[in-house]
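Okay, structure first, notes after.
Below, all heavy atoms of this structure are taken into account, side chains as well, without hydrogens, waters or symmetry copies. Since this is a predicted model, take the numbers as computed values, not measurements. Chain identifiers are assigned alphabetically (A, B, ...) following the order of the sequence lines, protein sequences preceding nucleic acid strands; residue numbering begins at 1 within each chain.
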Amino acid sequence: MQLSRDALLRAYRRMKVIREFEERLHVEIMTGEIAGFTHLYCGQEAVAVGVCEHLDAADKIISTHRGHGHCLAKGCDVTAMMKEIWGSREGLGKGKGGSMHIADIEVGMLGANGIVGAGAPIAVGAALSAKIDGPGPDGLRVSIAFSGDGACNQGTTFEAMNFAVVTQAPCIFVFENNHYSEHTGVDYAVGTAGDIASRAEAFGMKAWRADGTDFFAVHDTMREVLAHVRAGNGPAAVEFDTERFFGHFEGDPQRYRGPGELDRIRAERDCLKKFRASVTAAGLLGDADLDAVDSESLDAIEAAVTAARAAARPTAEDVLTDVYISY
Amino acid sequence: MQLSRDALLRAYRRMKVIREFEERLHVEIMTGEIAGFTHLYCGQEAVAVGVCEHLDAADKIISTHRGHGHCLAKGCDVTAMMKEIWGSREGLGKGKGGSMHIADIEVGMLGANGIVGAGAPIAVGAALSAKIDGPGPDGLRVSIAFSGDGACNQGTTFEAMNFAVVTQAPCIFVFENNHYSEHTGVDYAVGTAGDIASRAEAFGMKAWRADGTDFFAVHDTMREVLAHVRAGNGPAAVEFDTERFFGHFEGDPQRYRGPGELDRIRAERDCLKKFRASVTAAGLLGDADLDAVDSESLDAIEAAVTAARAAARPTAEDVLTDVYISY
Amino acid sequence: MAQMMYRDAVLSTIAEEMARDPSVVVLGEDVVGGMGTAGGPEAIGGIWSTSTGLFGQFGANRVIDTPISESAIIGAASGLALSGKRPVAELMFADFIGVCLDQIWNQMGKFRYMFGGKSKCPAVIRMAYGAGYNAAAQHSQSVHQILTGMPGLKVVMPSTPADVKGLLRTAIRDDDPVIFLEHKALYGMSGEVPDDPDFMIPFGHARLTRAGQDVTIVSSGLLLGFCEAVADKLAAEGIGCDVIDLRTTSPLDEEAILDSVEVTGRLVVVDEAPPRCGLAADLCALVSNKAFASLKAPPEAVTPPHTPIPFARELESAYLPSVDKIEAGVRKVLGWR
Amino acid sequence: MAQMMYRDAVLSTIAEEMARDPSVVVLGEDVVGGMGTAGGPEAIGGIWSTSTGLFGQFGANRVIDTPISESAIIGAASGLALSGKRPVAELMFADFIGVCLDQIWNQMGKFRYMFGGKSKCPAVIRMAYGAGYNAAAQHSQSVHQILTGMPGLKVVMPSTPADVKGLLRTAIRDDDPVIFLEHKALYGMSGEVPDDPDFMIPFGHARLTRAGQDVTIVSSGLLLGFCEAVADKLAAEGIGCDVIDLRTTSPLDEEAILDSVEVTGRLVVVDEAPPRCGLAADLCALVSNKAFASLKAPPEAVTPPHTPIPFARELESAYLPSVDKIEAGVRKVLGWR
Ligand SMILES: Cc1ncc(C[n+]2csc(CCOP(=O)(O)OP(=O)(O)O)c2C)c(N)n1
Ligand SMILES: Cc1ncc(C[n+]2csc(CCOP(=O)(O)OP(=O)(O)O)c2C)c(N)n1
Ligand SMILES: [Mg+2]
Ligand SMILES: [Mg+2]
């Protein structure tokens, strides 16, 4: 199905904002200004955006330790996120959560999560809520659990899949196979020679596979998946083959990669380059359109960083609030 | 492969002892003499014995809350077990564990277990130990995780299967599908319409299926499975279709069963009756041989109960010992 | 006032709240019972009879039977709660927090804080706890000491049918995650329960069940009754005990405890959890720090020993604080110096 | 005496024990690092550099890289230990006990008791704990208070490279399950370490790091250094502090603490765990019960508040006990009345 010019621009902008957000963090982290562990999503943008472009705020997603891309794709505010990563009290989590715990319930973003595999069961609960609410004009609301190729070996992820099948929850398990969990290869850690989708299928749901570096492959696949799930056919799974451009966390020397691997994936598997090549070749958008988005995005990130730097710092008293609603 | 007359008698005796052990407990529990929760294995004897007849003390098994049959099949002492269930300080666990925690490391029985799904990861560790030790004249030592159709949905069981495949541990996942987890049907709780073996297969190991009420089917299947695993081909799974003759625990009114179900399974799916019919029809053993075993077994149980009743009771000081080896 | 059993107070409160608020949802293993069997749904309800009939009354969407997957149960409760529902999840035995603690501790309990106060997670996790059934080391434990130490959770431990009713209603209507601990040896306890459909007991308010001037006894759950028996016995000798039923351990009614000790000068905490880093130590530390000047004797803890819970009747009885041991503890502080 | 870092003391002790005893086996996530990648095994070792080179030296059978499946890791450690091996398993972060607590608490810790004293389970579970890295609510926690409360486990918390060496060797050679907690902010700490290949520190023996007559400060891990700084500062004013490094919380060296308090009459416990049902409360309760007559002031706990661990630098600093807060706590007990 052909996307409108606006939709194409919007998708590209989202991917580009994520890319620049992460590229900038990569630089800023070196300066020591940003505290904590940061895991960059760079390279996987087509997955987050290809999935979330189909959703609105009433659909839920839940993310991982590598959550910036999912947050931005689902509509979290760029500046509020940047402030959070900087640890400001103006951040989305008032500086209490940081990079690994960004959430915005109002846009249906139920949180990045530092515990590998913790998200999937929570996503099933959100899906059950949608099932209880019943279908609207476009079918059921859905809930999406993003998981990595490492997370797919955690017991919680398996439980969630069976549970979703049993309860026929409108939950979609999106597996982003970027070939590594920290420093370990997917072929080693996933006993099915790295095949995640088939294992999901064996839990009793339909599963899809697609190239996660191709926005259109992701977007088209998700259209099918969502039609299936919104129609009330229970959960589904999708495995996207993708790439992470940086180390597991910032500081990772990445000696587990093959010679030239990073250059190759940057050259051949860059979802932004692919998007540009495809839309310009098809005459859907021109280079000038995309260049404009590029510079807009850079500006947005620059502005966010400037705002984050200037934003109010938390105080010692802030430690004590937000534990309970009443106590 | 034809079993010797001795082997047949031995297998029958093991099954019969389990049966009478459980039938007797069923009666004794009514009297209130036995404390705690007791889950009877009655009906599933062919699985425990068909599996364990292939093993010796250097092979390990780990069991479930429904552990009596596995313990007896692996060679735990009948009287010491009975004393444990009676809570005597002469029991296998000095009265500290009770029915759900019977173990005998010396015979390779690593414990019944009250936590559903806890056994499988432990079995993988025992299998890794066997892998480290390397093959003997008959190949690798193995470790067997007995799990129910309910336990197969616990995250730990899934993790253990992937982990065993990844580490190529000589571990065998024996699933006893007795169609119920407590009061819930397997078709409901296992999202693959109750198919456990295929799901295990999807983790990347070979899986078998057989009729768990037919000793010979179990025994023959396990011969193949063990050949595969002892040869160093990594883990394997087997699903045995079986029946439990009593409630989930003693006191269960079993209203979840169909009309006449208990009568039917007692009539048609009784592994002891089937065994007798098959060996007498083939002329391998006569009714008199089996009758002799029957009465021997009853005597053994009677003796065990008498001993358990008379056995020394634990004292308050016993509470404090056996927590640590040194502290 | 109706007379009802502790377990029926659980069931009726859930049913009333479900009828009142369509966002209340129940989930757990065998909470329906009979799913996928010839007997069909509700052939047999949960093993505690605390969800009997809910499925028939409220349907499959709101009474969800689950596989044996506790992490998924608690995770699903969180997801429901973050999405506007009020889940009441059942863990069959409190001991099973071992297989799902992350979802309780690091997820549910921390969302609000990690998300900067912008979320709410109104989930109730009910679980049966405690010894007395000879169910041995993996089915008899108390876990309030573990969960009380975890910021973000509220921990409730009712000791009577009326308290079940008032506290469970508060729990279901509360906007924070609540751990609701039901002592399995109390399920059959009968008592008067107010009829008011909005009867609620606020969290953090302990209950004085016996009043006296000589010693403060703090407890909850099964052991509370033992403490009351000791107080009654000592009363006959002219010794007055304040017996305080904590009701909730988080929030904690510090004031009730400190006020009492300021009068009595003596504290005995009676708790079913193991001794190390337990609730008894927590309260003894509280009192020794905040009522130091009032103390006439060392704060005393009566708890089980530092061992797993044994199976045999004789062993479990010896393990648990008994009326005799509690009495000895009380006499010890009374006899100090 | 060699100079080495805390993390190197971990690594070298494991390597020495593996060389000495073929039954010692290492397992965990990325303990090899690079499995299944173009870079190959040991492309990068574990993130704490505490297993670097072990795979090359001892091979794939004894250094086992695992999927992200913590329950399977701990369960496998138990199975190995019950089968005659001495596993040293790594949980990357202590916070991850949430996903595998059952295997630690209800399995490994209870086998011996449940099996009537007829089994042994000599497993070591190492884990990195503690705050100081701004790693927020799920990667910064202390868990010794939870595990100390669990009978059947031993809990070790070394504060120096030498203690790592002596205590880890004891842990590996010990026949009971041992939790070995490494403070992540101490990995880079340098110190003298004895060369003796059998240098061992017995469990349950605390270490007096500063001696004084006026107040007893008990701590361990990262905060121990803060306590020492406070003691040194006060020493200059003529105030004498006993500073006790616990080394192990289970078994606990009650005697060292009680003996000290009998002299000083004043106790400050400084601990990184949350305040409720934590180790600080445990020790304050111990002392108030067993050294009541010696106490000149209320036992004081210096701990973080009852909140999850916040992310931002300012917040984490405010959350953690600081030198200033410890000093204030000490002065408070010194100034009592
Ligand atoms: C329960 C748990 N175990 C281990 C970790 C440490 N850890 C963080 S990310 C990660 C790798 C995750 O790999 P994957 O799921 O493929 O996601 P990716 O990093 O590739 O996005 C690990 C092991 C964790 N955070 N939580
Ligand atoms: C972690 C955990 N969850 C729940 C239970 C309660 N429980 C005990 S046995 C059982 C059913 C197990 O079913 P299955 O695995 O099929 O074994 P079966 O009883 O049929 O032998 C349940 C839910 C438990 N003991 N442990
Ligand atoms: Mg990955
Ligand atoms: Mg079953």
Would you please name every residue forming a side-chain contact (heavy atoms from CB on, under 4.5 Å) with B:Asp195, sequence neighbours left out?
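In terms of side-chain contact (heavy atoms from CB on, under 4.5 Å), with neighbours along the sequence ignored, B:Asp195 is linked to B:Thr192, B:Ala197, B:Ser198, B:Arg209, B:Glu239.
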What pairs with A:Phe249 under side-chain contact (heavy atoms from CB on, under 4.5 Å), at least two apart in sequence or on another chain?
A:His39, A:Asp252, D:Ile47
B:Thr213 versus B:Glu243: any side-chain heavy-atom pair under 4.5 Å?
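Result yes, sub-4.5 Å side-chain heavy-atom pair found.
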Could you tell me if the side chain of B:His228 sits less than 4.5 Å from the side chain of B:Trp208, heavy atoms only?
yes
Checking an interface table here. Which of residues 164-183 of chain B come within a heavy-atom distance under 4.5 Å of chain A?
B:Val165, B:Val166
Residue B:Gln154 versus chain A: region with a heavy atom under 4.5 Å:
both
Using non-hydrogen atoms and a 4.5 Å limit, figure out which bit of A:Ala189 sits close to chain B: side chain, backbone, both or neither.
backbone
Polar side-chain atom of [X] near backbone of [Y] as donor-acceptor pair, under 3.5 Å:
X	Y	result
A:Arg199	A:Cys152	yes
A:Arg66	A:Tyr41	no
B:His54	B:His219	yes

Salt bridge (charged side-chain N to carboxylate O under 4.0 Å, His left out) between B:Lys74 and B:Asp56, worked out
CA-CA 8 Å; B:Lys74 194 67 174 45; B:Asp56 67 20; over 6 Å; no
With respect to chain A, which residue among B:Ala160, B:Gly191, B:Gly204 yields the maximal number of heavy-atom pairs within a distance under 4.5 Å?
B:Gly191
Identify the two heavy atoms, one from A:Phe158 and one from A:Asn153, that lie closest to each other, and give their separation to 0.1 Å.
CE1-O, 3.5 Å
Does this structure show an ion pair linking A:Arg269 with A:Asp241, if we count only N-O contacts that are shorter than 4.0 Å?
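Yes, A:Arg269 and A:Asp241 are salt-bridged.
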By number, which residues in residues 117-132 of chain A have some heavy atom less than 4.5 Å away from chain B?
none
Does A:His101 have its ring centroid less than 6.0 Å away from the ring centroid of A:His65?
no
